[in-house]
S.K.: 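The structure is given below, and queries will be raised subsequently.
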Amino acid sequence: MEKKLKKINTSDENCPVRKTMSLVSGKWTLLILFQINDRTIRYGELKKTIPGISEKMLIQQLNFLVKNEFVSKKAYPEIPPKVEYTLTNLGLKTLPIIEQLAKFGLENLK
């Protein structure tokens, strides 16, 4: 049996959609999660997969995603610095949502 969503009269601070949007609604957030996906990826490789994102923005978004436990970061003590990113269990839970958004996009591209 499917769980019914509770009807919410206002989209106030208790609204689950608002809470979700505050975590994943950044311009680059879903693209970063989509690109990391179920693999381990280094910063330079990730930067190449997202054309148009600045280094500053990518670093800010990655720090936000690490802080909110969507992404884990592993830094190796070597020169040049080596940093790897992987999705956490919470981050992996976003993939079906992102896949649905991609499907919607493909079905409605003009």
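Position 1 is the first residue of the sequence; numbering continues from there.
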S.K.: For the side chain of N63 and the backbone of Q60, is there at least one donor-acceptor N/O pair under 3.5 Å apart?
M.R.: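 Judged by distance alone, no pair lies under 3.5 Å.
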
S.K.: Taking atom CG of L23 and atom NZ of K67, what is their separation to the nearest 0.5 Å?
M.R.: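 Interatomic distance, L23 CG to K67 NZ, rounded to 0.5 Å: 10.5 Å.
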
S.K.: Does the side chain of Q61 reach to within under 4.5 Å of the side chain of T29, using non-hydrogen atoms?
M.R.: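 The answer is yes; the side chains approach within 4.5 Å.
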
S.K.: Rounded to the nearest 0.5 Å, how far apart are CD1 of I32 and CZ of F70?
M.R.: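 I32 atom CD1 to F70 atom CZ measures 12.0 Å (nearest 0.5 Å).
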
S.K.: Got a second to check how far L95's CG is from D38's CG, nearest 0.5 Å?
M.R.: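 Between atom CG of L95 and atom CG of D38 there are 7.0 Å.
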
S.K.: Any side-chain heavy atom of L62 sitting closer than 4.5 Å to one from L46?
M.R.: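 Side-chain contact under 4.5 Å: yes.
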
S.K.: Please check if the side chain of K47 supplies one atom and the backbone of S54 the other of a donor-acceptor pair under 3.5 Å.
M.R.: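 Answer holds: no.
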
S.K.: Between E84 and R39, is there a side-chain N and carboxylate O pair less than 4.0 Å apart?
M.R.: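 Not counted as a salt bridge, because no side-chain N and carboxylate O are separated by less than 4.0 Å.
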
S.K.: Which pair of non-hydrogen atoms, one from L90 and one from E69, has the smallest distance, and what is that distance?
M.R.: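 Residues L90 and E69, closest heavy atoms: CB-O, 3.5 Å.
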
S.K.: Would you mind reporting whether K73 and V83 have side-chain heavy atoms less than 4.5 Å apart?
M.R.: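 They are in contact (side-chain heavy atoms under 4.5 Å apart), so the answer is yes.
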
S.K.: Roughly how far, to the nearest 0.5 Å, is CD1 of I36 from OG1 of T94?
M.R.: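 Interatomic distance, T94 OG1 to I36 CD1, rounded to 0.5 Å: 9.5 Å.
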
S.K.: Calculate, to the nearest 0.5 Å, the distance between atoms CG and OH belonging to L58 and Y43 respectively.
M.R.: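 The CG atom of L58 sits 4.5 Å away from the OH atom of Y43.
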
S.K.: Going from CD1 on I97 to OG1 on T20, what distance comes out if it is rounded to the nearest 0.5 angstrom?
M.R.: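 Here the rounded value is 7.0 Å.
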
S.K.: More than 12 foreign heavy atoms under 6.0 Å from CG of L109: is that the case here?
M.R.: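 Enclosed: over 12 neighbouring heavy atoms sit under 6.0 Å from CG of L109.
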
S.K.: Out of the candidates T86, T40, T88, only one should pair with S72 under the side-chain hydrogen bond (donor to acceptor under 3.5 Å, both in side chains) rule; please name it.
M.R.: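 Of the listed options, the one satisfying the test is T86.
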
S.K.: Identify whether NZ of Lys or CZ of Arg in K82 sits under 6.0 Å from the centre of the six-membered ring of Y76 and within 45° of that ring's axis.
M.R.: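 Ring-cation test returns yes.
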
S.K.: Is there a side-chain contact between L33 and V71 in this structure, where contact means two heavy atoms from C-beta onward sitting under 4.5 Å apart?
M.R.: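 Side chain of L33 against side chain of V71, heavy atoms only: contact under 4.5 Å found.
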
S.K.: More than 12 foreign heavy atoms under 6.0 Å from CG of N89: is that the case here?
M.R.: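 No, the 6.0 Å shell around CG holds no more than 12 heavy atoms from other groups.
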
